[in-house]
Amino acid sequence: MVPIIQVALDLLELDRSVEIAKEAIAGGADWIEIGTPLIKSEGMNAIRTMRKAFSDRTILADMKTVDTGAMEVEMAAKAGADVVIVLGSAADSTVLDALRSAHKYGVRLMADLISAPDPVKRAVELEALGVDYVNVHVGIDQQMIGKDPISILMEISEKVSVQLAVAGGLDAESAAQAVRAGARIVIVGGNITRSDNVTEAARKIRQSVDSPESIDIRNRVTVDQEIREIFKEVSTSNISDAMHGKGAMKGIHPLVRGKMIGTAITVQSFAGDWAKTVEAIDIAKEGNVIVIYNESKDIACWGGLATQSSLNKRIAGVVIEGAVRDIDEVETLGLPIYTSNTVPNAGDPKGFGEINAEITCGGQAVKPGDYIIGDESGVVVVPGERAYEIARRAKEVNKTEKRIFDEIRRGGTLSEILKLKKWEKL
Ligand SMILES: O=C(CO)[C@H](O)[C@H](O)COP(=O)(O)O
């Protein structure tokens, strides 16, 4: 059986969703899912509009119903949905009444296992209750902390014969894995809808689900490698957005330009005392960023000799709240340096201060091991314990922006596209 590609429209704007659905269909998407955010933003009108725009397509309403199953199925069915999604973790009585309503109004019911405490057990129960499809789904927030649906799908497909859908950050590679693991319906949201070329993105998924054996599955890299790879692709602005505006250093600007990504070695030092700043180079390892707080912005604690030493140790860059000198030299050496000031004069190596204590630099708390990213806009600090999540969220911000850029290029303005007036706080 040819696998079905279901494009999930998780946007807030209906007109953009219609356009994206058209582009996805042109690339080979089969079914159209009206995502929960779109339903919450536009109500049943979203379903009616999609029904009119795509009369020959299967339309799914991701109601994520958790109670009053019959009523919500009836609403979606009357608005034009062919399949209605209920939460798999809803009570059996909700699922059963949703099913009665689905039979009455001639629609199919998909149960979504998102956040189910024991998805394998629940899949078996949902099959026995009589749902038409079970969706093995890892939600967007769970994806951001590293969960993915493929391993759960493998387990479930051995235990049930109900038709399985799968969702959760799927791309061409994981879509192929999903088909190999027994999925009949492959649900893709962000990797199609937020692409700057929706049709091409859908085409890639089409190719991979149609010939899953031909897709190479890459070996997993370490979490640190994955974080660094993502930070390479995104900007400090994307990262700051992913942190809801937090994380940006104040008063720290690029001196020697170049993208910088690394984990922090911290230095607390006193006016012009450059002993600890230079000793930190010996402690640092390849891929570290040395982050220095120096008490004075008028006496340099860093210069050309320290920069050459850092290059020998393959350090990723330096951030200094304080001052740097030997600017002609450090510019030629090319190690990325971000700082608050430049001066010609240096202090002396007295040895006060501390290496690898928690410091404040550019107004941000920095601990050893935090990720430090610098680019033309400045420097952001990402706490080590949230780095994977922030990286993944920054990638989503980046994807969304690329798509919006593309829409602006076609004409229109940012406020028109995002309907800013509609979303102003009342
Ligand atoms: O229902 C959803 C979130 O709750 C999404 O529609 C589903 O996860 C597919 O989107 P993505 O591919 O971006 O994960």
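Counting convention: from 1, in listed order, for ligands and their atoms alike.
- Close approach to E33 involves these atoms of ligand 1, each under 4.0 Å from a residue heavy atom: 6 (O).
- With respect to atom 8 (O) of ligand 1, the closest heavy atom belonging to the protein is H137 NE2, 2.7 Å.
- Numbered from 1 in the order shown, with element, the atoms of ligand 1 that lie under 4.0 Å from a heavy atom of D62 read 1 (O).
- Donor-acceptor pairing under 3.5 Å is lacking for the side chains of S309 and N312.
- With sequence neighbours left out, the salt bridge (Lys or Arg N to Asp or Glu O under 4.0 Å) criterion links R16 to E13, E407.
- Under 3.5 Å, the side chains of D171 and N191 contain no donor-acceptor pair of N or O atoms.
- Heavy atoms of G168 come nearer than 4.0 angstrom to ligand 1 in at least one pair.
- Taking only nitrogen or oxygen atoms, main chain and side chain alike, G190 reaches within less than 3.5 Å of ligand 1.
- The contact set between ligand 1 and D10, taken as ligand atoms under 4.0 Å from a residue heavy atom, comprises 2 (C), 5 (C), 6 (O), 10 (O).
- Within a 6.0 Å radius of NZ in K204, no more than 12 heavy atoms belonging to other residues, nucleotides or ligands are found.
- For G35, the closest heavy-atom approach to ligand 1 does not fall below 4.0 Å.
- With ligand atoms numbered from 1 in the order given, ligand 1 contributes 11 (P), 12 (O), 14 (O) to contacts under 4.0 Å with heavy atoms of G169.
- Checking side-chain atoms of T339 against main-chain N and O of I320 turns up a donor-acceptor pair under 3.5 Å.
- Qualifying salt bridge (Lys or Arg N to Asp or Glu O under 4.0 Å) partners for E226, counting only residues two or more places apart in sequence or in other chains: R220.
- Distances from ligand 1 to the non-hydrogen atoms of K64 include at least one value under 4.0 Å.
- Nearest protein heavy-atom contact of atom 12 (O) of ligand 1 is G189 N, 2.8 Å.
- Taking each heavy atom of C361 and V319 in turn, the nearest pair found is SG-CG1, 4.1 Å.
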